[in-house]
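Here's the structure we're looking at; comments come further down.
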Amino acid sequence: MARALRRGLYRQHDRPSGHSGAQGNVRRLSGDPMNIFTRYQREVCRVLEDMVKAGELPAGLDMTRVKVEPPREAAHGDMATNAAMVLAKPAGKNPRQLGETLTQKLKSIQSVAEASVAGPGFVNFRLVNTEWASVVLDILKCGAAYGDSAMGAHEKVNIEYVSANPTGPMHAGHIRGAVIGDALAALLEKAGYDVTREYYFNDAGTQVDVLARTTHLRYREALGEDIGAIPEGLYPGEYMKDVGQALAARDGKKWLGKDEGEWLAPIREFAVGVMMAEIRKDLALIGITHETFSNEREIVEGGTLEKVFKTLTDMDLIYQGTLPPPKGKEMEDWEPAELTLFRSSRFGDSSDRPLKKRDGTWAYIMPDIAYHYDKIRRGYKWMINVLGKDHGNYLDKMRPAVSALSGGGAKIDVIFCAMVKVLKNGVPVKFSKRSGNIITLREMVEEVGAGAVRFFMLSRTPDSELEFDFAKVVEQSKDNPVFYVQYAHARCHSVFRNAKEMWPDADFSVEALLKADMKRLDSEEELKLVRLMAGWPRHVEAAAEAHEPHRVTFYLHDLAAAFHAFWNKGRDDATLRFLIEKDKDLSFARLALVKAVATVIASGLAVMGVEPVEEMHG
RNA sequence: GCGCCCUUAGCUCAACUGGAUAGAGCAGCCGCCUUCUAAGCGGCAGGUUGCAGGUUCGAUUCCUGCAGGGCGCGCCA
C-alpha cells in the first residue's frame, strides 16, 4: 500500500496537512535538533533567504524541495544539498553558478569544514570533526530516546492489526501482520504520533455461530458423550476440547438436551470470551498488547449502522438505483434490481456501492463502514489497517466511506501482508485448517524465541512473500540477520567488560563517557560509524512517513555491519583497537562511540520489539 | 473481462519517496585468528533495473502502452 501512496493516486489528500509544507516554505521539519540533517537543512535555507534579502535571488522562491541528505557516496562529503539544482530554473540562474555562490556562503559557517559543487549542481560539504563528535554526545544523552521525532505532532493514529476472528489460536498465518502492526505502532510513537493499538473482532457473523456449535459438541463430549468425528462445517481443532471442558466445568449439564435456540447465544458469548483470552495470551508471548478491543456486535447493536446510514442520507449520498452488471465476468443469475446505493464514486470509487441487499438487509461492508465511523468519532485522523493480501479491495471499499464520513478530515491506509511460507529443514510445511494441521504462534515462539520471530517478520517489505525457516532463524551466523545484529550489540557490551578488567577502578557511566575527548575520534572508520548513527533520526522519520517498519531492520543491519568492520580493523591495525592501555583518553572516546552504537541498536530493536542481547556465548 | 500489487546480479532482497558510478547477503573464487568473541572481516567477479515510449537538469523511482507473475472481484461472507 505504501507503494500505492507513493505512486500517487491519493498522495496529495492523503498526507496529513503540515507534512507537505503547506504552511511554510520549508519542506518538512521535524523540529528536532537531534537530527543533524534537519539542522543543516535549516542552515542552508537560512543562507538562501539571506541571498534573497541581499537581492542575489528573487523573492518568493519555493524552498520546499530543498533537501539536505547524506550523499550516496561517502566520498562526496558528509552532506549534500540539491538547492542549486532545484532553485536554478525559477531563479533564472545557472545551477553550477548558483552552487558556487552557495558554496562560498556555506564555507563561512564555522562548523562547515569544506564545501564544493559537483555533478549537475550538488553542493557537497563536510563538517568539522567536533560537529560529528557532538552526535555521539547527543546519543549518549538521549539514550533509547535518540531518534525520537516531533514529526507526528501528537496526531492521533489508530493502528488496527491482528483482528483475527475468535475461532482458534494464533497461528503462523497471523504473526506477520501482528508483528508489522505492532512495530509500526512503536515506530509512529517514536516519530511523535499519539498511537492506539486496536483489535477488532467479529463476534456477530456466522463464524462465531460455528464456534458456538463446535463448543456445544465438545461440551457434550466433555460430559461423557461419544461424539465421533467432528462433522463437516465445524472446527476440527483439538483446542476446542478445552473450550468444551471449560463450559462443562462452569455450567454443568445445563445445556444438554436443549434446543440450539436456547444455547446458541450464551455459549457463543462464552466461547468468544475464552478464545479472546487465549488470543491475548498468545499475543503476549511476542510482546503484543492492544490497548483497545472493539467488536462487531457492539457496533451493530449500538445502532451505529443506522446512524451512518442517516448521516450519509443527510449528506445526499444515498439513492435508489440500478447498477450495471459487472463487466466481463460471466454471471448467469444476473438480474438488474433497484438497490440502495452509496455515491462512493464521488470519492474515487470505480462505481457506487450498495449498502443494502435487495432483500433490504445490510450489505456486508456496512458494519466495517460503521466501525470506521466509530473510529472517526473517537478522533483519529489516521486509521491504519494491517491486513492479509487476500483482502485485496478492502481499501477501495473503505476509503470513500471514510472520506465521506470524516468530511475529508481522516485518512485510511492499509498495509497488505503477503503469506509466510514456513519451512522446517528446508521443507515447506503445509497447513490446513481443515485437518487442524497448523503451526501455532506458541509453537514458533517456543522453538525460536520471540525476538527472532519478530525480527524475521520485519526482515522484508510486507507485500513480498517471506520464508520462515526454523533452521535458519536459529542459526548462529552472519547469514542470520537476527544473530548478526544481536552479535554486534553483544560485542559492544563485551568491549565494556574488557575495559573494566583493564581499568578496574574507572568510571564507565554515561556521565563519565560524556567527558571523553571526542576530538580523538578521527579515523575514517570511526567517522563512518558516527555518520551512520547521525542518520538514525532520518530513518525513523522516513520509515514512519512511509508506514514501513521493516526499514528499521535494514538500517540496523547496516549499522551492525559497520561496527563489525571496525571491530575487525582492530585486528589488522593495533592503533584502531577500542582499548589501548597506554592511551586511556583515546580508549574513552572510543568507549563513548561503542556505547553510542549499542544505544542506537537498542533503540532500533525497541521499535522492532526485540530484546537486545548483551552477551552471547557458544 | 475489470481493479490492485509485483518484475532490479545465477538466487533472496535493498536503494533513505526524483539525485551523482543501482547496493547487501547467499552461491563461486582469493585472502585474514600468538591481538577486544573468526558466531567476524577484507577483496575479486557478477546488471541494458521485464520491454517500448514520455515528463526534466536527472527516472529503479512519476505518466502511458505492452509482456510475464500474484491477489482480489459483485447484493456472497
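To find a chain, count down the sequence lines: A is the first, B the second, and so on, and within it residues start at 1.
A salt bridge links A:Arg531 with A:Glu524: the closest approach of a Lys/Arg side-chain nitrogen to an acidic carboxylate oxygen falls below 4.0 angstrom. Between A:Arg538 and A:Glu541, none of the side-chain N atoms (NZ, or NE/NH1/NH2) sits under 4.0 Å from a carboxylate O, so this pair counts as no salt bridge. With respect to the salt-bridge test (charged N to carboxylate O, under 4.0 angstrom), the residues A:Arg268 and A:Asp209 qualify. Using a 4.0 Å cut-off between a side-chain N of Lys or Arg and a carboxylate O of Asp or Glu, A:Arg399 and A:Asp349 do not qualify as a salt bridge.
Side-chain N/O atoms of A:Thr322 and A:Glu338 include no donor and acceptor closer than 3.5 Å. When only modelled atom types and interatomic distance are considered, A:Tyr555 and A:Arg551 share no side-chain donor-acceptor pair under 3.5 Å. A:Asp359 and A:Thr361 form a side-chain donor-acceptor contact under 3.5 Å, judged by distance and modelled atom types alone.
Closest contact between the side chain of A:Tyr487 and the listed nucleotides B:U37, B:A20, B:C36 involves B:U37. Nearest to the side-chain atoms of A:Thr461 among the listed nucleotides B:U17, B:A14, B:G19 stands B:A14. Distances were taken from every side-chain heavy atom of A:Ala546 (C-beta onward) to each of B:U17, B:A39, B:U37; the shortest belongs to B:U17. Checking B:C71, B:A24, B:C36 against the side-chain heavy atoms of A:Ser494 singles out B:C36 as nearest. When each of B:U37, B:A39, B:C71 is scored by its nearest atom to the side-chain atoms of A:Asp390, the top-ranked nucleotide is B:C71. Across B:C41, B:C13, B:C36, the shortest atom-to-atom separation from the side chain of A:Leu579 is found for B:C36. Of the candidates B:C26, B:C36, B:A14, the closest approach to any side-chain atom of A:Phe554 belongs to B:A14. Set against B:C41, B:C16, B:A14, the side chain of A:Pro70 has B:C16 as its closest nucleotide. When distances are taken from the side chain of A:Met85 to each of B:G72, B:C57, B:U17, the shortest belongs to B:C57.
Note: CG (A:Asp469) to C1' (B:C26) measures 14 Å, nearest angstrom. For the pair A:Leu576 CG and B:C36 P, the interatomic distance rounds to 15 Å; values are reported in whole Å. In this structure, NZ of A:Lys389 is placed 11 Å from P of B:C5, rounded to the nearest angstrom. In this entry the distance linking CG of A:Asn568 with P of B:G43 reads 12 Å, nearest Å. Atoms CG (A:Asp413) and P (B:U17) sit 17 Å apart, rounded to a whole Å. Rounded to an integer number of Å, the gap from CG of A:Leu395 to P of B:G3 is 16 Å. The distance from atom NZ of A:Lys569 to atom P of B:C41 is 12 Å, rounded to the nearest whole Å. If you take CZ of A:Arg65 and C1' of B:G19, they are 11 Å apart, rounded to a whole angstrom.
The aromatic ring of A:Phe122 sits over the base of B:A20, with ring centres less than 5.5 Å apart and planes tilted by under 30°.
As judged by a 4.0 angstrom heavy-atom cut-off over every strand, A:Glu467 is placed among residues making no nucleic acid contact. Here A:Ala80 lies in heavy-atom contact (under 4.0 Å) with a base. Within 4.0 Å (heavy atoms only), A:Glu69 reaches sugar-phosphate atoms of the nucleic acid but no base atom. At the heavy-atom level, A:Ala118 lies under 4.0 Å from base atoms of the strands shown. Using a 4.0 Å heavy-atom cutoff across all strands shown, A:Lys89 reaches sugar-phosphate atoms only and no base atom. A:Tyr394 comes within 4.0 angstrom of nothing in the nucleic acid, heavy atoms only. Using a 4.0 Å heavy-atom cutoff across all strands shown, A:Arg491 reaches sugar-phosphate atoms only and no base atom.
A distance of about 45 Å separates the P atoms of B:C33 and B:C51, rounded to the whole Å. Rounded to the nearest Å, the gap between the P atom of B:C5 and that of B:U64 is 11 Å. Annotation: B:C62 and B:A20 have their P atoms spaced 16 Å apart (nearest Å). Of the C1' atoms belonging to B:A9 and B:A24, the separation is 11 Å, rounded to the nearest Å. B:A22 and B:U61: their C1' atoms are spaced 11 Å apart (whole Å). Going from the C1' atom of B:A14 to that of B:U7 covers 15 Å, rounded to whole Å. For the P atom pair drawn from B:G31 and B:G70, the interatomic distance equals 45 Å after rounding to whole Å. Separating the C1' atom of B:G72 from that of B:U60 is a span of 27 Å, rounded to the nearest Å.
Remark on RNA chain B: of its neighbouring residues A:Glu465 and A:Pro120, the 5'-side contact belongs to A:Glu465, judged by nearest-heavy-atom nucleotide.
Using bins of under 30°, 30° to 60° and over 60° for the plane-to-plane angle, the ring pair A:Tyr487/A:His564 lands in the tilted bin. Classified by interplanar angle (parallel below 30°, tilted 30° to 60°, perpendicular above 60°), the ring pair A:Phe496/A:Phe508 is perpendicular.
More than 12 heavy-atom neighbours from other residues, nucleotides or ligands sit within 6.0 angstrom of NZ on A:Lys190. In this structure, A:Lys569 places its NZ atom where only 12 or fewer heavy-atom neighbours from other residues, nucleotides or ligands lie under 6.0 Å away.
On a pure distance criterion of 3.5 Å, no polar donor-acceptor pair joins the side chain of A:Arg460 and the base of B:C13. Checked by distance alone, A:Arg577 brings a side-chain donor or acceptor within 3.5 Å of a matching partner on the base of B:U35. Donor-acceptor pairing under 3.5 Å, judged by distance alone, is absent between the side chain of A:Asn480 and the base of B:A39.
With a cut-off of 3.5 Å on both pairing distances, the Watson-Crick and G-U wobble pairs of RNA chain B assemble into stems of 3 or more at B:1-7 with B:67-73, B:10-13 with B:23-26, B:28-32 with B:40-44, B:50-54 with B:62-66.
The glycosidic torsion of B:C13 lies more than 90° away from 0, which places this base in the anti conformation. Under the 90° criterion around 0 for the glycosidic angle, B:U60 counts as anti.
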Listing time: all N or O pairs from protein to nucleotides 75-77 of chain B that are below 3.5 Å?
residue, atom, partner, partner atom, Å
B:C75, O2, A:Arg358, N, 3.0
B:C75, O2, A:Arg358, NE, 3.1
B:C75, N3, A:Arg358, NE, 2.6
B:C75, N3, A:Arg358, NH2, 2.7
B:C75, N4, A:Arg358, NH2, 2.4
B:A77, OP1, A:Lys357, NZ, 3.2

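At least one side-chain heavy atom of A:His489 sits less than 4.5 Å from a side-chain heavy atom of A:Glu614.
Sorted by first and then second residue, the salt bridge (Lys or Arg N to Asp or Glu O under 4.0 Å) pairs with a member in residues 492-502 of chain A read A:Arg497-A:Glu615; sequence neighbours excluded.
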